[in-house]
Every structure is written in structure tokens, then in C-alpha cells.
Amino acid sequence: MEKLIHLFIPRQSNNHKAKILHSSSLIVIASFFVVFQALINFLPRFGPNILGYASQISPDEVTRLTNQKRAEAGLSALTYNQTLAGAAYTKGRDMIDRDYWAHTAPDGTQPWKFFTDFGYRYKYAGENLARDFSSAQATVDAWMNSPTHRDNILNSKYKEIGIGVTEGDLAGIDTTIVVQFFGATYQDKVSEPVAQVQQVKTPVPTLAPTIVPVTTNLPQVQAEITSPQPNQQVLISPFNTTRFASIAVVLLLLFVFVLDAFLVSRRRIIRVAGRTFAHVAFLGMILTVILILRSGKIL
């Protein structure tokens, strides 16, 4: 109890300033977070499931949130296409299996190959990628905050969507990847500007319609692969752990700072010099930077 009072309450033993607000204490806290962050980045390399991103990302929820953003922009909803979902999941597995994080594979394979491999004859196609997010909401929000990803979500040419969520070891770290495929086939009615043509009044004879069969050499592969729900058995979620620890420390310091200011004012303690607020603000900046570095990535 004596040590707690010394740590949090201003009195003579701590020079009438809570010990936790001293420069030396703030430096120790900042150093602890730097070491903690280094351990989070280093430990997963020893093996799977030591640390990982315990996510609850549902393809249905990603689709719902995407359509919600489109509705807010006055656009029609995208139809969930199981073929696109299979292609998206396969793209995610390809990144995990071949250990790369990019739209284009190391051998030059483009994302559109996954469309055609599943027999999806696209007229328009697009891809959004995300990794290491803890929820569907955070994933979609990150895409919407990026101009290029936002353009994909709000593109009126797309009519269908497929979501693939997969988890595995990427660059030595247990990772959750979300692949968002957009598409429109040649059968879809896509809204495009049409040039106005002056009508010709020459009478045209009525002809019976002629049906011409169309064949294609593209493989019609049945999409048997679906996007399973991630079921990660991990001890710690790195991003959530860093976030909760950062928020807890900042709230604790703010509470002590307010308590310290109140007691100093109440007891009419005169300090020769004090930069408590500047020190707390500096530590808050460090924690914010660490938190940003631990957030998910989009591509």
C-alpha cells in the first residue's frame, strides 16, 4: 500500500508528484512497450499459434458491410457469387502457400487468372486485399479510407462479389487474409453512357429473330471451395493485446494526472517546475505510433 501511494499520490517522498508521472517512470513505460512490441514481432517465428490474429471475420458480414457502403452512395447491392468466393479463397491460399503479399504472384500470375480458372467469364473485375484485421468492420473501414479500394467498392460496373477468408503462416507470422473479388459478366447489364444517335425514319422490315449458339473454350470449373470461418486457436491476438494495453496505460496516466493536479491544487503545493502534461503527451504519442504499426494492412 505504501508503494502504491508513492506511485500514484503526490507527497513528500516523491517530491509532491506522483512517481508514475516522473520522467524516469515514463521512460520505463515507453521502453516496456518497445520491448513488448519487439517480442510480438519475434515470437511467432518460433512456430504457429504462439501468437496470432484471432479474428471473427465472416464473408457474409464483409459482403453486408460492402453493400451498406454502396447503398449509402446510392448504388445497387452486389450479388454474392459462390464461384467468385471460391476464386477469392484460392487466391488467399495461394498467397499463404507461396508466401507472398501482393496482387501479382512472384511468377507473374495476375489475380484475373483465378477468375478464369473457376470459369468466371468477366467483363469487369477487381480485387481488394486485407490482412491482420480483427473484424469485418475494421477491414471494410480500412478499404473505405483508401481512395483506390473505395473506388472498387463503389464501382457501378460491378454486379457480383465473392469473399475469401483464409488463415496461415505468412512470412513466419500467423495471419488472417481477406480477399475481396468484384466482377461483372458479359450477361450482366452494366450501366454505361450511350451516345445519342439521330433516329432514321426509313421503314425497316420486321425479321424473325435468329438464335446463334455461342461456345467457349474456357474451363467451366465448379466452385467447390468455399470460404471457411477462421477457427484460430491462439494464445494471444497481437493487435488486440497492443491496443488494450495502450488504452489501459493511457487511461491510467490520465487518471493519475487529473488526480495529481487536483491534490496539488487542493493542498496548495507549489512546484518550482513541472512538465507532466508534456511528458504524458509524449508517451501517448509513442503508444499511438505503436498502435498504428500493429494495425492491419490493405493492398
Side-chain angles (χ1 to χ4, degrees), residues 33 36-37 40-41 44 49 51-73 75 77-78 80 84-85 88-89 91-93 95-96 101-103 111 126-155 158 161-171 173-182 227-251 284-299:
F33 268 90
F36 177 72
Q37 185 62 38
I40 283 182
N41 290 333
N49 294 336
L51 295 174
Y53 288 82
S55 62
Q56 299 295 328
I57 299 180
S58 162
D60 292 338
E61 182 65 7
V62 174
T63 302
R64 185 189 70 80
L65 292 170
T66 299
N67 281 330
Q68 179 181 327
K69 299 300 182 182
R70 288 176 64 88
E72 292 171 359
L75 298 172
L78 299 172
Y80 192 81
L84 278 182
Y89 177 74
K91 169 60 185 291
R93 289 311 312 171
M95 285 189 287
I96 293 291
W101 168 244
H103 289 294
E127 176 187 66
N128 282 344
L129 300 178
R131 57 175 290 192
D132 302 336
F133 287 95
S134 58
S135 68
Q137 184 69 62
T139 304
V140 175
D141 286 345
W143 281 331
M144 289 299 293
N145 289 330
S146 167
T148 54
H149 298 83
R150 177 187 174 92
D151 289 345
N152 259 348
I153 291 177
L154 302 183
N155 193 326
Y158 298 141
I161 187 174
I163 306 296
V165 181
T166 183
E167 179 270 331
D169 186 307
L170 185 65
I173 298 177
D174 196 36
T175 303
T176 297
I177 291 180
V178 182
V179 180
Q180 188 180 46
F181 273 177
F182 303 95
S227 300
Q229 300 297 326
N231 184 19
Q232 296 175 277
Q233 300 298 324
V234 294
L235 300 178
I236 300 176
S237 172
F239 176 67
N240 286 338
T241 302
T242 303
R243 179 179 62 185
F244 294 148
S246 300
I247 293 175
V249 170
V250 170
L251 290 178
M285 182 182 66
I286 293 177
L287 298 181
T288 301
V289 170
I290 291 176
L291 187 60
I292 291 174
L293 291 176
R294 284 311 309 171
S295 62
K297 302 177 180 63
I298 59 176
L299 195 62

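All residue numbers in this chain count up from 1 along the given sequence.
At a cut-off of 3.5 Å, with distance as the only test, a side-chain donor of Tyr158 or Asn152 sits close to an acceptor on the other residue.
Contact check for Leu129 versus Val179: side-chain heavy atoms found under the 4.5 Å cut-off. Inter-residue side-chain proximity for Trp143 and Leu65 is flagged as unmet; no heavy-atom pair is nearer than 4.5 Å. In this structure, the side chains of Met95 and Thr166 stay at 4.5 Å or more apart for every pair of heavy atoms. Tyr80 is listed as a side-chain neighbour of Pro59, based on a closest heavy-atom distance under 4.5 Å.
Counting all heavy atoms, side chain and backbone alike, Gly162 lies closest to Ala88 at O-CB, 3.9 Å.
The distance from atom CZ of Arg93 to atom CD1 of Ile177, rounded to the nearest 0.5 Å, is 8.5 Å. Taking CZ of Phe182 as the start and CG of Leu78 as the end, the distance is 6.5 Å to the nearest 0.5 Å. Interatomic distance, CE of Met144 versus CD of Gln68, reported as 10.0 Å (0.5 Å rounding).
Listed for the Lys69 side chain is no donor-acceptor partner under 3.5 Å among the backbone atoms of Asp141. Of the possible donor and acceptor atoms, none in the side chain of Asp132 sits under 3.5 Å from a partner among the backbone N and O of Lys297.
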Could you walk me through whether Glu61 and Val140 pass the side chain to side chain contact (heavy atoms under 4.5 Å, CB included) test, one step at a time?
CA-CA 10 Å; Glu61 182 65 7; Val140 175; over 6 Å; no
Just do the side chain to side chain contact (heavy atoms under 4.5 Å, CB included) check on Glu127 and Lys91 with the steps written out, would you?
CA-CA 10 Å; Glu127 176 187 66; Lys91 169 60 185 291; 2.7 Å; yes
Give the C-alpha distance, both sets of side-chain angles, the deciding distance and a yes or no for side chain to side chain contact (heavy atoms under 4.5 Å, CB included) between Trp101 and Leu170.
CA-CA 8 Å; Trp101 168 244; Leu170 185 65; 4.2 Å; yes
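Among residues two or more places apart in sequence or in another chain, the salt bridge (Lys or Arg N to Asp or Glu O under 4.0 Å) test is passed with Arg70 by none. When the side-chain hydrogen bond (donor to acceptor under 3.5 Å, both in side chains) test is applied to Thr139, no partner is found at least two apart in sequence or on another chain.
Atom CZ of Arg150 has 12 or fewer neighbouring heavy atoms from other residues, nucleotides or ligands inside a 6.0 Å radius.
Each of Asn128, Leu84, Thr66, Thr63 was evaluated against Ile163; a single residue qualifies, Thr63, per the side chain to side chain contact (heavy atoms under 4.5 Å, CB included) test.
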